[in-house]
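So that the names make sense, note that chain A is the first sequence line, chain B the second, and so on, each numbered from 1.
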Amino acid sequence: MSTATPRMVPIRLRPPRPRPPRIPHRALVRTAVRQHRTVLAAAAICLAALSAWALRTAATTAAVQTDLDRTGCRGRVFTDACSSLADPVGQALQTTQQVQFALLAVPVLVGALLGAPLLAREYEHGTHRLAWTQSVPRRRWLTSHLIVLGGAATTIGAVAALLGTRIHAAATPALAYGASGFDALPYNAFGPVLAAATLLAFALGVLTGSLIRRTVPAIGITILGHAGLTVLLTWLRRWLQPQLTRFPPHGYDLSPDDWLLWDGVLTSDGHRLPYAQCPESGCPADSRTLDVYHSAGQLWPMQWTQGALMVALAAALLAAAYRSIRRNRL
Amino acid sequence: MTGRRTAVEALGLGIRHPRRANDPHLLADCSFRVPTGAVCGVVGPNGAGKSLLLSAAAGLVRPTEGRLTVLGQPSDSETMLADIAHVDQERSLYRQLKVAELLDSGRSLNARWDRARAQELLDLGRVPLTARAGTLSGGQRTLVRLALAHATTPRLLLLDEPLADLDPFVRRAVMGLLLADVADGDCTVLLSSHVLADLDEAADHLLLIDAGRVRLAGQTTELLAAHRYLGPADRMPDSAEPVELHGSASHGTALVRITDGPARPGDEYDHPTLEELVIAYVRSPRADSWLAPSMRPMPRTGLIAEPIA
Amino acid sequence: MEYRLRRGSSMPAYQQIVQQTEQALRLGLLRPGDKLPTARHVVAATAINPNTVLRAYQELQRAGLVESRQGLGTFVVRSLGRAETIAGSGLREELDAWVDRAAELGLDREDVLALAGAAVDARLPQQAEPELPR
């Protein structure tokens with residue numbers, strides 16, 4: 001009885017196949033630019049038009065400000081002596097606000113027209129099957145498209161932010177008494193927040209497109225999502241900077257550029273009580289008046305903090321988009 | 001010539017529908033091997049899973065069960081992309097781009113690119129380079145996709161219904177160009193079709209898929225030799241597996257599979273044509289599936305090795 | 001040399017290639033030293049399976065008619081029939097003259113073929129077909 005010995009079979013190991021040459025990023029980017037050239041050109045034209053409008057408005061507003069100071073009419077526009085300035089001031093205020101509304105729309109448009117279609121259109125037209133069976137792995141392919149469209153979104157956001165800052169600066173010190181940089185409208189329409197919002201809306205669009213896979217629904221959800229995020233962040237921003245407290249001796253005395261969060265009283269036993277929570281009979285007599293607020297000097301730190309938060313969120317959404325294209329659903 | 005090297009191998013391959021709860025399998029328990037150098041026709045009724053199988057081999061859809069190996073690597077590996085080309089059934093193209101621009105994109109996105117090979121195919125349909133892809137006819141779009149695939153000199157060409165919307169005048173020329181690489185060795189072609197005549201003389205291997213399962217696979221000569229018709233007078237050999245019975249047991253004929261002992265060339269038996277064979281298997285869902293030896297998966301070893309011929 | 005393959009013929013494609021090659025050898029269209037078209041060329045022209053072409057060439061090689069040289073191609077090594085005899089004999093020229101005369105007399109193609117066939121049948125009765133050794 002002999003036990004079966006394994007038979008030796010001669011084998012030839014196949015030499016490892018040489019790795020195919022890596023395709024340079026420049027070629028990928030060039031291809032992506034060609035694919036998106038129409039939307040890129042349209043975006044450039046719109047951005048140029050918006051810039052021209054915003055800069056002209058800023059110049060007009062600045063001129064009105066100079067006139068106000070020259071004639072000493074600041075704060076007295078509605079007196080007879082200054083009535084000739086009432087119209088230009090009203091006009092400047094109105095146009096400034098229109099430009100700021102237009103700037104608010106910039107992230108929405110970028111998210112809807114650059115972000116959402118990036119992957120949704122590929123899926124919808126089936127071109128992902130063409131794109132992802134070339135020699136380039138799909139994640140590198142996505143990177144090249146993000147460089148092109150994300151680069152465009154960043155540029156647009158940065159330009160819009162500068163325009164917003166310029167027009168905000170031209171309108172302050174406020175033409176109308178009481179307008180503050182913290183108000184939701186100018187706040188979301190200038191500075192780092194506007195730039196970051198553009199990037200965030202773009203990232204949101206990309207992710208939505210990769211999950212929904214159809215362009216029009218993806219655009220709709222991107223717009224809704226962006227609106228929701230804006231409301232959420234606008235509400236959240238008050239905690240991004242330390243809230244200041246002061247005890248004004250004679251009631252409210254914050255400057256117009258400060259942001260009063262709430263006011264109330266500090267009772268003798270140390271409780272902070274908003275006015276709304278005072279008993280109907282009135283707040284306790286021996287309490288001190290209290291203002292909780294953000295000072296004008298906190299405006300830019302708050303903008304930068306919120307901007308950074310939004311950029312981080314955008315990065316997370318893009319990472320999720322990378323993940324979603326790795327999973328190949330049907 | 002086809003040999004023992006493997007281009008595509010499936011072992012228990014299954015792909016499930018992500019949402020459908022009852023009967024979720026689009027492909028179920030598929031095992032087969034396509035040897036290097038084969039021209040393998042993937043046939044089956046509409047909706048059988050042919051396109052899905054090709055998409056999976058192209059790395060577009062990841063198997064949910066089992067294993068799918070393409071050119072020695074898992075089908076979702078990124079390095080195999082340089083060696084495959086896939087033409088999907090929809091012939092999707094970036095509609096706003098001109099044909100010349102599509103070719104230029106192809107050059108940018110591929111490790112190998114031979115513009116002249118693309119041009120050969122485009123010339124067959126007189127596809128103008130300046131036309132936008134969105135304005136092309138169905139046949140021209142097919143030619144553009146085939147040209148994009150052909151120009152990359154792939155080692156595995158996955159073609160989904162490649163001839164479906166080509167006019168008869170160019171079909172043969174297109175097929176000739178696509179198959180010519182196989183003659184030089186090292187290139188393998190998988191092409192699906194629900195019209196068997198399209199594969200006539202082009203395919204040397206056949207993979208029949210029905211309802212997501214492999215029903216029949218093998219070299220065409222092998223398949224034909226293994227099946228024969230028996231009349232009422234013939235004695236059914238013990239080793240015969242019935243595939244399809246016509247008429248009653250006493251008066252009908254039967255298509256049977258006899259796989260012990262090679263059929264002699266020029267024997268007197270009545271062999272079916274390939275088309276008859278495929279139809280019989282599709283019509284008889286309860287007949288056992290059969291993998292001919294040439295398309296059975298290789299026994300597993302730890303190494304990627306091949307016996308010295 | 002171009003092969004013309006008929007689809008749907010009862011004769012398999014590889015046999016058609018073998019037969020057409022043999023005929024070309026018989027007629028002296030192919031002579032020893034000539035190169036057969038590459039498999040790639042035949043496939044591109046006919047869209048048949050490359051392995052079919054290779055199989056036909058192997059068949060011809062087995063019959064000793066051609067030889068495959070590594071990396072160079074497949075070459076004819078032996079001719080069939082009496083190509084050389086035919087070339088020097090003037091037979092072809094005589095036959096051409098005969099066909100011309102038949103045409104002048106108003107015979108059409110079918111008539112000429114029938115007449116020639118009848119003459120061949122009468123003088124060279126059918127025998128075992130001079131086929132290739134298999």
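The minimum heavy-atom distance linking B:Asp160 with B:Ser51 is given by the pair OD2-OG, 2.6 Å. Nearest heavy atoms, A:Ser135 versus B:Ala82: OG-CA, 3.5 Å. Between A:Trp141 and A:Leu119, the shortest heavy-atom contact is CZ3-CD2, 3.8 Å. The minimum heavy-atom distance linking A:His226 with A:Ala201 is given by the pair ND1-CB, 3.7 Å.
A salt bridge between B:Glu90 and A:Arg129 is present, with a side-chain N of the basic residue lying under 4.0 Å from a carboxylate O of the acidic one. Under the 4.0 Å criterion applied to side-chain N and carboxylate O atoms, A:Arg213 and A:Glu124 are not assigned as salt-bridge partners.
At a 4.5 Å heavy-atom cutoff, A:Arg26 makes no contact with chain B through either its backbone or its side chain. Heavy atoms closer than 4.5 Å to chain A are found nowhere in B:Arg91, neither backbone nor side chain. With a 4.5 Å cut-off on non-hydrogen atoms, B:Leu158 does not touch chain A at all. Heavy atoms of A:Leu130 lying under 4.5 Å from chain B belong to its backbone as well as its side chain.
Proximity to chain A at a heavy-atom threshold of 4.5 Å picks out B:Arg107, B:Ser108, B:Leu109, B:Asn110, B:Ala111 from residues 106-118 of chain B, in numerical order. Taking non-hydrogen atoms and a 4.5 Å limit, the residue list of residues 28-50 of chain A in contact with chain B, ordered by number, reads A:Leu28, A:Arg30, A:Thr31, A:Arg34, A:Gln35, A:Arg37.
Chain A forms the most heavy-atom pairs under 4.5 Å with one residue out of B:Ser55, B:Ala149, B:Ser105, and that residue is B:Ser105.
A donor-acceptor pair is defined here as one N or O able to donate and one able to accept, closer than 3.5 Å; such a pair exists between the side chain of A:Arg140 and the backbone of A:Ile23. Proximity of a side-chain donor or acceptor of B:Ser92 to a complementary backbone N or O of B:Asp88 within less than 3.5 Å is not detected.
Legend: ring-ring contact (aromatic ring centres under 6.0 Å, His included) pairs involving residues 55-98 of chain B, not counting sequence neighbours: none detected.
Not a single side chain to side chain donor-acceptor pair (under 3.5 Å) links B:Gln96 to another residue, sequence neighbours left out.
Between B:Leu129 and B:Lys98, the closest side-chain pair of non-hydrogen atoms is not below 4.5 Å.
Within a 6.0 Å sphere centred on CZ of B:Arg95, other residues, nucleotides and ligands contribute 12 heavy atoms or fewer.
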